[in-house]
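Taking it in order: structure first as structure tokens, then the write-up.
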Amino acid sequence: MMDSDLAPRQRILSREDDDDSSVLIQAEMGRNTNSEPRKNQQRGKIEKEKAIMMDSDLAPRQRILSREDDDDSSVLIQAEMGRNTNSEPSLERRNMKNVLLLGVSFLLVFTAFQTMGNIQQTLVQSIQSEYEKENKTDFAGANGYTSQSIIYASFAVFNWIAPSVVSVIGPKMSMFLGSIPYALFVGSFLIPMTWLLYLTSAILGFGAAVIWTGQGNYLTLCSNDATMTRNSGIFWALMQSSFLIGNIFVFFVFAGADTISYDIRMVTVGVLFGVGALGTLFILFLNNLSNSSEGRKETSALGAFKNSVSLFFTKEMLLLSLTFAYTGISLSFLAGVYSTCIGNTLAFGDMAKQLVGLSGMFIGVGEIVGGLLFSIFGKKTARWGQDPIVLFGFVTHVVGFFIVFLNIPADANMGPTDTEAFITPNAFLAIFCSFLIGFGDSCFNTQIYSLIGIMYSEDSAPAFMLFKFVQSIASAISFFYTPYTSVHIQLLIIGILAFSGTVTFWIVCFLRKRSLANSNSTIAISTE
């Protein structure tokens with residue numbers, strides 16, 4: 001208090017009388033005890049500061065107490081600065097509410113999109129069969145894998161402007177703007193045309209870049225080092241519930257259907273479109289947060305772009321790029337390739353189309369279980385670090401992909417096939433692998449979110465942009481070669497990237513721990 005401009009200055013003068021040992025103590029408050037106008041001005045300043053600060057829930061609260069002494073007309077002013085004892089719990093409640101609402105919003109948006117991605121190629125093939133019987137050519141040449149490749153290629157390109165968009169309109173409105181193309185993409189299947197499918201795919205790439213950069217920034221603003229892992233797990237579990245909910249719906253709608261008829265398609269697409277639109281509206285109920293409002297560095301649009309370029313060439317980001325690329329390759333396989341392979345495996349018999357939905361459900365179950373584990377045990381996992389969890393995810397993926405290698409025909413991604421696999425295709429093993437792939441994916445993604453949120457907490461948008469940039473490029477490349485490359489070759493590529501991405505992630509975690517240890521040692525020496 002004595003260092004504050006608002007704190008009264010006190011000068012103590014003492015004088016001893018040799019005759020009667022009396023002590024005169026004069027307390028002088030203010031800069032000049034003889035200056036009443038200055039004292040009144042000081043009071044006015046204090047009251048003004050008090051009024052300003054009391055307007056904010058997060059601002060330090062100031063309580064002014066005054067007392068006049070009739071004998072010497074002195075004024076005692078006590079200034080009490082500091083946060084209200086209830087502000088921290090209140091802030092934590094606000095942040096948790098935002099994390100939950102963020103997760104529910106993405107749950108709805110991605111129930112529409114991820115369910116559509118899971119059934120897209122199956123749906124495209126059914127529409128083309130329907131149009132061929134009616135001699136229609138509006139959807140001739142359309143390909144679900146090509147559509148996904150366009151989405152992720154566009155995603156990669158627009159990622160470079162996404163941090164600038166977030167810096168200008170904020171993370172909340174960025175997410176709202178970015179979510180609109182998701183509903184438009186799903187709705188395009190109500191009027192199937194090849195050009196419309198590819199156009200909405202390209203527009204969706206822009207939306208994906210903006211919504212995910214905004215999401216990463218917003219989640220970081222709702223978190224600190226202690227809660228980042230927990231919040232990432234909560235968000236991931238909620239968002240990936242979209243796999244479960246959407247594919248339960250598909251499982252029952254597609255039950256007993258050899259092909260996807262017009263009526264089934266209209267019901268499926270109509271419901272998914274409505275759910276996606278509802279998720280877009282939910283985003284508007286989030287609190288407005290920004291770097292400046294949370295006491296973090298505010299960056300201009302041009303500054304955000306420059307930061308993104310310079311950050312990309314740092315040692316840590318280049319190492320993490322291999323991990324990001326692996327998540328992109330595995331994402332394309334679990335979200336668009338694997339379930340289609342199951343549906344094309346004729347050895348599964350009449351239940352093959354139903355298994356498409358069931359596969360998506362268990363991918364979702366794996367994602368949810370992983371997210372919940374890392375949120376419930378968030379404090380312990382934060383203490384262990386991110387690297388052990390990524391290693392566990394790597395082992396889970398290796399086991400799951402190896403079983404897929406044995407259980408699924410090599411050409412199942414290219415169309416219906418009765419080609420023999422290494423073992424007789426088993427439906428239980430196929431669905432079990434869906435769970436393993438989903439769980440392993442949650443291990444990688446939640447820990448990437450946690451690490452980025454902690455390492456780049458002051459300016460997280462460029463870091464999350466680069467994560468999505470590399471991930472989307474890898475996904476685009478994967479979807480591009482999928483129609484021409486056997487499942488076994490794809491799994492070989494996945495295995496190589498899984499190993500290298502895990503190693504580089506561990507290296508970054510090791511470098512960060514060593515840097516923190518050196519910093520702590522320096523502080524300890526300086527205090528001695």
Side-chain angles (χ1 to χ4, degrees), residues 114-133 139 142-145 147-148 189 243-269 271-272 332-366 400-438 479 482-483 485-488 490-491:
Q114 293 196 136
T115 305
M116 180 57 69
N118 195 44
I119 65 173
Q120 184 177 357
Q121 183 61 15
T122 303
L123 202 61
V124 167
Q125 291 170 350
S126 296
I127 293 172
Q128 288 173 335
S129 297
E130 174 191 327
Y131 277 23
E132 187 177 346
K133 294 175 183 178
F139 214 52
N143 186 283
Y145 296 137
S147 166
Q148 292 289 324
F189 283 88
F243 266 116
L244 182 61
I245 296 171
N247 286 290
I248 287 175
F249 168 68
V250 168
F251 179 79
F252 287 106
V253 172
F254 285 12
D258 295 328
T259 59
I260 312 304
S261 66
Y262 172 83
D263 291 336
I264 292 176
R265 170 166 57 87
M266 295 301 286
V267 169
T268 303
V269 176
V271 170
L272 294 179
S332 64
F333 189 84
L334 72 89
V337 178
Y338 183 54
S339 294
T340 299
C341 290
I342 292 175
N344 286 337
T345 302
L346 298 179
F348 289 134
D350 295 337
M351 64 183 301
K353 290 294 184 287
Q354 270 189 295
L355 287 176
V356 173
L358 198 61
S359 171
M361 287 167 53
F362 275 85
I363 289 173
V365 170
F401 288 132
F402 181 68
I403 297 175
V404 172
F405 181 85
L406 299 176
N407 195 48
I408 297 295
D411 58 349
N413 59 305
M414 302 179 185
T417 180
D418 55 4
T419 302
E420 292 184 359
F422 286 102
I423 61 176
T424 302
N426 182 283
F428 172 79
L429 282 179
I431 300 305
F432 178 61
C433 287
S434 298
F435 172 81
L436 292 179
I437 294 170
F479 277 118
T482 289
T485 310
S486 72
V487 174
H488 293 169
Q490 292 183 49
L491 290 173

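This is a predicted model, so every value here is computed, not measured.
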Determine, stepwise, if the pair Ile119 / Thr268 fulfils side-chain contact (heavy atoms from CB on, under 4.5 Å).
-> CA-CA 10 Å; Ile119 65 173; Thr268 303; 4.0 Å; yes
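- You'll find the side chain of Leu123 reaches within 4.5 Å of the side chain of Phe189, heavy atoms only.
- None of Asn407, Leu406, Val404 except one satisfies the side chain to side chain contact (heavy atoms under 4.5 Å, CB included) rule with Leu429; the exception is Asn407.
- Atoms CD and CG, from Gln120 and Asn143 in turn, are 8.5 Å apart once rounded to the nearest 0.5 Å.
- Distance check, rounded to the nearest 0.5 Å: CD of Gln114 to CG of Leu334 gives 8.0 Å.
- Ring-plane geometry between Phe422 and Phe405 is classed as parallel, the angle between the planes falling under 30 degrees on a 0 to 90 degree scale with a further cut at 60.
- Looking at Gln128, its side chain does come within 3.5 Å of a backbone N or O of Ala142 through a donor-acceptor pair.
- The CE atom of Met414 lies 13.0 Å from the OG1 atom of Thr340; values are rounded to the nearest 0.5 Å.
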Evaluate the side-chain contact (heavy atoms from CB on, under 4.5 Å) criterion for residues Asp411 and Ser486: first the C-alpha distance (whole Å), next the side-chain angles of each, then the deciding distance (0.1 Å), finally the verdict.
-> CA-CA 5 Å; Asp411 58 349; Ser486 72; over 6 Å; no
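- Pairing each heavy atom of Tyr145 with each of Phe479, the nearest pair is O-CB, 3.6 Å.
- Side-chain contact between Ile431 and Ser359 is present, with at least one heavy-atom pair separated by less than 4.5 Å.
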Check the pair Gln125 / Asn344 against side-chain contact (heavy atoms from CB on, under 4.5 Å), numbers first and verdict last.
-> CA-CA 11 Å; Gln125 291 170 350; Asn344 286 337; 4.0 Å; yes
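- With values rounded to the nearest 0.5 angstrom, Phe249 atom CZ is found 9.0 Å from Thr115 atom OG1.
- Counting heavy atoms from C-beta outward, Leu358 and Ile342 have side chains that stay 4.5 Å or more apart.
- Under the 4.5 Å side-chain criterion, counting only non-hydrogen atoms from C-beta, Leu436 is not in contact with Phe401.
- The two residues Glu130 and Ser261 come nearest to each other via the heavy atoms OE1-C, 4.5 Å.
- Here the closest non-hydrogen pair linking Ala412 and Thr345 is CB-OG1, 4.0 Å.
- Around the CZ atom of Phe251, the shell of radius 6.0 Å holds more than 12 heavy atoms that belong to other residues, nucleotides or ligands.
- Residue Ser147 holds its OG atom at 9.5 Å from CD of Gln121, rounded to the nearest 0.5 Å.
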Please step through side-chain contact (heavy atoms from CB on, under 4.5 Å) for the pair Cys341 and Val487, ending with a clear verdict.
-> CA-CA 8 Å; Cys341 290; Val487 174; 3.7 Å; yes
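- Listed here is the closest heavy atom pair of Ser434 and Tyr338: OG-CE2, 3.3 Å.
- Between Val365 and Leu244 the shortest side-chain heavy-atom distance falls below 4.5 Å.
- Phe333 approaches Gln490 most closely through the heavy-atom pair CD1-OE1, 4.1 Å.
- Atom OG of residue Ser339 and atom CD1 of residue Ile363 lie 4.5 Å apart, to the nearest 0.5 angstrom.
- The two residues Val356 and Gly343 have their closest heavy-atom pair at CG2-CA, 3.5 Å.
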